[in-house]
Amino acid sequence: MSPLIPAHLIGMCLMSSSGCPADMRHISVHWFRKGLRLHDNPALLAALQDCTEIYPVFVLDPGVPNQAHASINCWRFLTGALKDLDCSLKKLNSRLFVLRGKPEEVFPRLFQRWKVTRLTFELDTEPYSQDQDEKVVKLAKQHNVEVIQKVSHTLFDTERIIAKNNGKPPLTFNRLQAVVQSLGAPEKPVPPPTLEDMKGVRTPCSEKDEESYKVPTLEELGLDPLSAGPELYPGGEQEALRRLDEHMKRTGWVCHFQKPETSPNALSPSTTVLSPYVRYGCLSVRTFWWRLTDVYQGRKHSQPPVSLHGQLLWREFFYTTSVGIPNFNRMEGNPICLQVDWDSNPEHLAAWREARTGFPFIDAIMTQLRQEGWIHHLARHAVACFLTRGDLWISWEEGQKVFEELLLDGDWALNAGNWQWLSASAFFHQYYRVYSPIAFGKKTDKSGEYIKKYLPILKKFPADYIYEPWKAPRSVQERAGCIVGKDYPRPIVDHEVVSKENMQRMKMAYSKRSKTFNESNGKAKGEKRKAASVVDMLMKKKVKVN
DNA sequence: CAACGGTTGTTCTC
DNA sequence: GAGAACAACCGTTG
């Protein structure tokens, strides 16, 4: 893993090595990646300091793993967000330049063509972005371009959290909370640039450029807009801020919010669905945090981990672990991940992905995911448990790929972290708590209205059988106009049987793990050993910073 | 080393 | 609707 240099230091080092006199008037490029917004964008503000020309750019990189495999819903969200950004920049007498290619090829051309002296962007902790940054920063140096990076995608600099925790990422929420509390409140968001800030700043753009740098349409990206689902969550900062305002008006709801009590199968979302906006940075997490603080002010309110503040801290938790744990999105080589002998079963995997497991609750959720690009967190639990330790015994990495493709809020760190959680591979270890694909949904939707919405073939089934239609007598199936095995699949596994078998396989995996730890620490076989030291082992190469 | 707590399990009994 | 059994994990704490 390449060592991360705290963002504030990068800016400083390169400023001094760029050779630019302090009073130099800059030609700045601001590189939008995540952080698709004007509000709380410190790197963008830095670009505008002592600046004569600003070029806001977005690079469509064919190499970005989760862009290459993104669903049409994700592309629609992203292009929507870019259009919104372009529109907002135009109100500031600027514009967005969308470029295609690898950043390390695009930027040297831009540096020369525009005579760039400064490059600014938001820190992105994903491994792919880190690799890119290393290359781009090096190229900038070669072109005598100053680089400024700012932390604004997370509440805190994740490296600071790790440093405060003796060089190790916190592995429990409580620990993260304790560390974060010692850091004080997150920084307040910075205001968006104004026309005042833009005085004396130009964005030169010829008519030819106007066309070649515009935000591509879905058709231009080779996608068929008709194959997309309904646009329930349009991308963009304006939409994000509007939605934030709407939710923050519901002060009672905000103050009482307790995540585990929200329903996974409500007919309209029981949570805010601001996650896609936070993922792409259309909404700043710090703006979200401080707006919640305003609402909480002087009122009795719920607390982390279940509160809305708590939800943002969960995000911080997985961002931090993803920075501190190598191979975070894989089982192999991931020191905190349980090593499990998952089955390879392409038929079962396809049935799960394509919503034909024969369990209506599971299939309804997978249908909503594909059509709308968002499902409730607990719905994710249900289908993730089903794919992995609960029923199909398929690797969480397979589920991770499907979610990455289909979820509008498919954040790299959160996706990997939550899949490890749900498969009881890391963070969560009570593997004997298994979600029932039949019972779980009934708690909040007894008559199966949610199932009927997403699986209309089952809409005439009576409530008694809607969660397990294969149990319905033939006459009931005929009256419902749906014969199980013909119009809707039979269940691909017997949950009662496989969930018990799988529980034993999990037990085996865990016992094998403690044995491995003991051996690697030179202890006698069977001797119990504290698992906490696994991370100590992993981290001992790292220099402690405190 | 033992006790404790862990966002969000299910099923059965009272 | 509350509480216990089910089978029993981990990381943290003292």
Side-chain angles (χ1 to χ4, degrees), chain A residues 165-166 168-179 256-266 270-271 302-318 321 324-325 335-340 361 365 375-386 388-391 414 417-418 420-445 467-468 495-518 523 527-539:
Chain A
N165 195 45
N166 300 318
K168 299 172 284 187
L171 292 182
T172 64
F173 185 85
N174 275 344
R175 190 93 192 106
L176 174 101
Q177 229 189 334
V179 175
H256 285 115
F257 185 92
Q258 300 199 115
K259 185 63 169 284
E261 288 175 14
T262 58
S263 166
N265 45 9
S270 59
T271 53
S302 55
Q303 294 292 327
V306 297
S307 63
L308 281 165
H309 262 177
Q311 304 313 299
L312 300 182
L313 289 173
W314 277 108
R315 175 177 181 273
E316 204 75 6
F317 176 71
F318 287 124
T321 47
I325 307 289
I336 64 161
C337 184
L338 184 71
Q339 303 296 303
V340 178
F361 183 55
I365 294 167
I375 51 179
H376 186 276
H377 187 63
L378 291 177
R380 301 178 198 202
H381 279 217
V383 297
C385 184
F386 186 88
T388 58
R389 66 190 167 88
D391 295 81
L414 277 59
N418 279 306
Q420 286 173 81
W421 183 292
L422 257 301
S423 60
S425 299
F427 309 114
F428 174 85
H429 310 279
Q430 291 154 292
Y431 61 81
Y432 38 85
R433 290 190 187 173
V434 177
Y435 288 90
S436 161
I438 296 137
F440 185 62
K442 286 184 185 171
K443 287 198 288 190
T444 42
D445 179 22
Y467 282 89
E468 33 195 349
H495 174 72
E496 288 288 306
V497 175
V498 296
S499 63
K500 286 195 177 72
E501 285 171 6
N502 291 347
M503 215 182 271
Q504 291 313 303
R505 291 179 84 171
M506 283 304 282
K507 189 180 172 174
M508 290 283 291
Y510 270 109
S511 67
K512 209 168 164 182
R513 180 173 105 130
S514 40
K515 213 167 102 185
T516 311
F517 288 173
N518 294 339
K523 296 230 173 180
E527 197 176 329
K528 287 275 174 189
R529 211 187 161 283
K530 282 283 169 200
S533 51
V534 181
V535 179
D536 289 339
M537 282 160 53
L538 144 75
M539 294 299 164

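To find a chain, count down the sequence lines: A is the first, B the second, and so on, and within it residues start at 1.
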With respect to the side chain of A:R433, which nucleotide from B:dT7, C:dC10, B:dG9 is positioned closest? B:dG9

Mind checking A:F440 for me? I need base, sugar-phosphate or nothing, with any heavy atom below 4.0 Å counting as a touch. sugar-phosphate

Would you list the pairs meeting salt bridge (Lys or Arg N to Asp or Glu O under 4.0 Å) in which at least one residue belongs to residues 421-442 of chain A, sequence neighbours left out? A:K442-A:E468

Gap between atoms CZ and P, on A:R513 and C:dA8 respectively (whole Å): 16 Å

Sidechain-backbone polar pair: A:N418 side chain, A:L414 backbone, donor-acceptor under 3.5 Å: yes

Between C1' of B:dT7 and CG of A:L308, the distance in whole Å: 13 Å

Looking only at side-chain atoms of A:Q311, point me to the closest of B:dT8, B:dT7, C:dC10. B:dT7

Sorted by chain and residue number, the side chain to side chain contact (heavy atoms under 4.5 Å, CB included) partners of A:H381 (sequence neighbours excluded) come out as A:H377, A:L378, A:L422, A:Y435

If you compare all heavy atoms of A:S499 against all heavy atoms of A:V434, which two are closest, and at what distance to 0.1 Å? CB-CG1, 4.4 Å

How is A:K443 classified with respect to the nucleic acid when contacts are heavy atoms under 4.0 Å: base, sugar-phosphate, or nothing? sugar-phosphate

Rounded to whole Å, the CZ-P distance (A:F317 to B:dT7) equals 8 Å

Just how far, in rounded Å, is P of B:dT7 from CZ of A:F428? 10 Å

Does A:S425 offer a backbone N or O that forms a donor-acceptor pair with the side chain of A:Q339 under 3.5 Å? no

Would the distance check show the side chain of A:R389 and the main-chain N or O of A:M506 forming a donor-acceptor pair, the cut-off being under 3.5 Å? no

For a stem of at least 3 consecutive Watson-Crick or G-U pairs with distances under 3.5 Å, i pairing with j, i+1 with j-1 and so on, which stems involve DNA chain C? B:1-6 with C:9-14, B:9-14 with C:1-6

A:W421 CH2 to C:dC10 C1', straight-line distance once rounded to whole Å: 11 Å

Using whole Å, what does the distance between atom C1' of nucleotide B:dT8 and atom CG of A:L422 come to? 10 Å

So A:V434, base contact, sugar-phosphate only, or nothing? Heavy-atom distance under 4.0 Å. sugar-phosphate

Between atom CE in A:M508 and atom P in C:dC9, what is the gap in whole Å? 14 Å

For nucleotides 1-7 of chain C, print each protein N/O atom paired with a nucleotide N/O atom at under 3.5 Å, atom names and distance only.
none

Identify, with sequence neighbours excluded, every residue that meets ring pair (Phe, Tyr, Trp, His ring centres under 6.0 Å) alongside A:F317. A:W314, A:F427

Whole-Å P distance, C:dA7 and B:dA2: 23 Å

Side chain of A:P260, heavy atoms from C-beta onward: which of B:dT10, C:dC10, B:dT7 has the nearest atom to it? B:dT7

Measure from CG on A:L313 to P on B:dT7 and round the result to the nearest Å. 12 Å

N/O donor-acceptor pair under 3.5 Å between A:R380 side chain and A:I375 backbone: yes

C1'-based separation of C:dA8 from B:dC4 [nearest Å]: 14 Å

With rounding to the closest Å, how many angstrom separate the P atoms on B:dT7 and C:dT13? 13 Å

Check: A:P169 main-chain N/O paired with A:T321 side-chain donor or acceptor under 3.5 Å: no

Could I get the full list of side chain to side chain contact (heavy atoms under 4.5 Å, CB included) partners for A:E496, not counting sequence neighbours? A:D494, A:K500

